[in-house]
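Working notes, structure below.
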Amino acid sequence: MITNTELEYKGDLYPSKIVSFEHDSDSISFYTNKSVILKVTVLRDSLIRFRFTTKGYFSKDFSYAIDKGHSHGYNFLEVTEEDDYYQIQTSKVKCKIQKADMRLCIYDLEENIILEDELGFHWEESYEYGGNIVKMSKASKEGECFYGLGDKATQLNLKGKRLENFATDQYAYQKDQEPLYKVVPFYIGLRNKKSYGIFFDNTFRTYFDFCHERRNVTSFWAEGGEMNYYFIYGPQMEDVVTTYTHLTGKPELPPLWALGYHQCKWSYYPESNLKEVAAKFRELKIPCDALYLDIDYMEGFRCFTWNKEYFPDPKRMVTELAEDGFKTVVIIDPGIKIDKGYSIYKEALEKDYFCKRADGPYMKGKVWPGECNFPDYTNPEVREWWAGLFKELISDIGVKGVWNDMNEPAVMEVPNKTFPMDVRHDYDGNPCSHRKAHNIYGTQMARATYHGVKRFAYPKRPFVITRSAYAGAQRYTSSWTGDNVATWEHLWIANIQVQRLSISGMGFTGSDIGGFAEQPSGELYARWIQLGVFHPFCRTHSSGDHGDQEPWAFDEEVIDITRKFVNLRYQLLPYLYTMFWQYIEKGIPMLKPLVYFDQDDIQTHYRNDEFIFGNQILVCPILEPNSLGRRMYIPRGEWYNYWTNEAVKGGKEIWVDTKFDEIPIFIKAGAIIPKYPVQQYVGELEFEELTLDLYYKHGQEKSEVYEDAQDGYDYKKGRYSFLSFKTTGKENELFIQLHKDGKFDTNYSKYKINLIGLPFKIQTIEIDNVEVAFDKNTLENENYLLVNKDFNALHFMGE
Ligand code: MIG
């Protein structure tokens, strides 16, 4: 147990002695002889909430981040009182709270320290605003590592960094620039091979310091609100991330087309321009599912209007695009133009839906349309109104997705780039200033948009994308990483940001492929698309100021590389969809940094570039010009080079040769990778067989394939197809067991099994224990076997 130290530091205030406690079902409250109360709530055996007040009572408990449907309940809870401390024990951890100063320490059941207060909870009173600046410091040990925190554009391991959470429109941000667009006050600590998590659910401006100010101290603090954090125990990083994701919520499945390739630019107009882009994709046979309309489609940037000169008949246009497989996505910003002749402005004004300054006038700020007022999306009535505004776009015109931008919220030509801090918000019946609502404004806008698009898209699934987000936004929306730059450094940043967001519960993300600001060289664009097809959201976007960024803006070689990699993404759609399903079902991140994949291997702790796409594909982008390959770390286990099928043993750094049209990709031995044929858009083709690439391993491996109708909600009624494969390889045998679940019957009837790395010649094949005849020639020359999809066990025997 930590010893009692002198707690006078920088004039901050500290809790005094605990004098009593109360245990009420899952909560234990500790009272001091002043007004400090600590309320500990055991939500699960490995999920404990710590809430402090300095007022002698707690204000109403309200959070936008926590998923109301999250399940809780523990197996074991025991509270005991010792001379110097109280102990709370669950079936996973023990928490000791010192009577003398309320400092606490969490242990696993073997008494290993997992997380230990340094100064613990302390605070500074804020005369200017009332309330406190609330602070927490934890002791950190040598070798401890830190991950998470959303979209930070810095090394994956946050050790040694100080970071700030304040949603900001950060055009052309740089490496290490702070703060950025998103706010996810959740980090993962890794100490002595054990992972834990902290979610500091406070929407004020927050800071995290990971051994930056002091070498052995990690601290976090907020400019207001409560010290209110959740401790999550691992010991595996997967346990931490999935528990966090259960707590803050998971999305529903997107329509499968949303996992296709998207093409965007600021802006495609008029209609003929958009149509040319569409036609060119089909002509060049580069698959594409979605086209975007940026702000110029509107009439003077008024949301929910169309510029009729550029787009005389939006419904006809959207329908024609749809006939060719293109879904139309349109941008909607929060600023509503102050214009008496604009019906949406008039209605919001009449209904008093705009944000107001402290003394009463409406908050006014300049954005694209000029002077605007801004709906208060933290008011449920405003969200309901906003949702209703999507009727025409979605039901009548046939738009399939909505893109929310500028929702940090961004304001032009003012020094702080956002609302003044005195602006008032409803905060769902907990009125507050912008200091508290700023970081969740974007999420509440995206939430209202999501409900609107969902309502009018029904029975199809909605698609929403946002720039700003707070923890939990993943329940409503996908996101992109904002205004990046066409530089090699930004390619590195994009790789990190998407991995980091993935382990921060916000998996459905991607970067502007090629860079938003400035112009990529063909080589940079090629390298970016090679990475981008492995991001859950895959969209090329650019500011349009510096020339074109469609694939054909580059030379033949780059066009071919783009086609090759977008084709690969379309082939991998069932694999990608399965990882999305694992995300929505179990909270498993779609991209896994190497440290997540193998935290016991300390070689992974500082790796940035390599990641696991899904569970079985190791990807490493090429991040430098003129590369003939690169050095990379292959995590422990056995792998196959995707391009050469050469087997590689992991646990070491190796040089990988790559041509310009390749990046290092490795498949985990034993894996079965499902593939569709290349389609120009999702649903273009009906096909007879599902391809399964099987990579032989001496030993066992599991693989899953989730499929359904690719849109709609029937999957929630059990109409999905879930295949679970177990492969067992022996010296001259290979055994595949297949377990099926779900009521959806896939259109194809066969599997085409490609056998890769088989160390023996097949002599006999049994299907469900019955020997079958097979074509030795195709098997020997082309290494594949066609089998009917309804087998349970497939057995290859050789010598
Ligand atoms: O002030 O709508 O990040 O993707 O193209 C710029 C125009 C506003 C910023 C977004 C970008 C979008 C652009 N927007």
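Below, each value reflects all heavy atoms present in this structure, side chains not excepted, and no hydrogens, waters or symmetry copies. In this text, all values refer to a predicted model and were calculated from it rather than measured experimentally. Counting convention: from 1, in listed order, for ligands and their atoms alike.
Ring pair Y377/Y441 is perpendicular by interplanar angle, where above 60° counts as perpendicular and below 30° as parallel. Under the 30°/60° scheme for interplanar angles, the aromatic rings of Y292 and H262 are found to be tilted.
A cation-pi arrangement is found for R282 relative to F326, the charged atom lying closer than 6.0 Å to the ring centre and inside a 45° cone about the ring normal. Taking the ring axis of Y181 as reference, the NZ or CZ atom of R467 does not stay both within 45° of it and closer than 6.0 Å to the ring centre.
Of the inter-residue distances, the one linking Y476 atom OH with Y450 atom OH reads 8.5 Å to the nearest 0.5 angstrom.
Listed by first then second residue, pairs satisfying salt bridge (charged side-chain N to carboxylate O under 4.0 Å, His left out) with a partner in residues 496-519 read D512-R539, not counting sequence neighbours.
A distance limit of 4.0 angstrom between heavy atoms and ligand 1 selects the residues W266, D294, I295, I331, W368, W403, D405, M406, R467, W480, D483, F516, H541.
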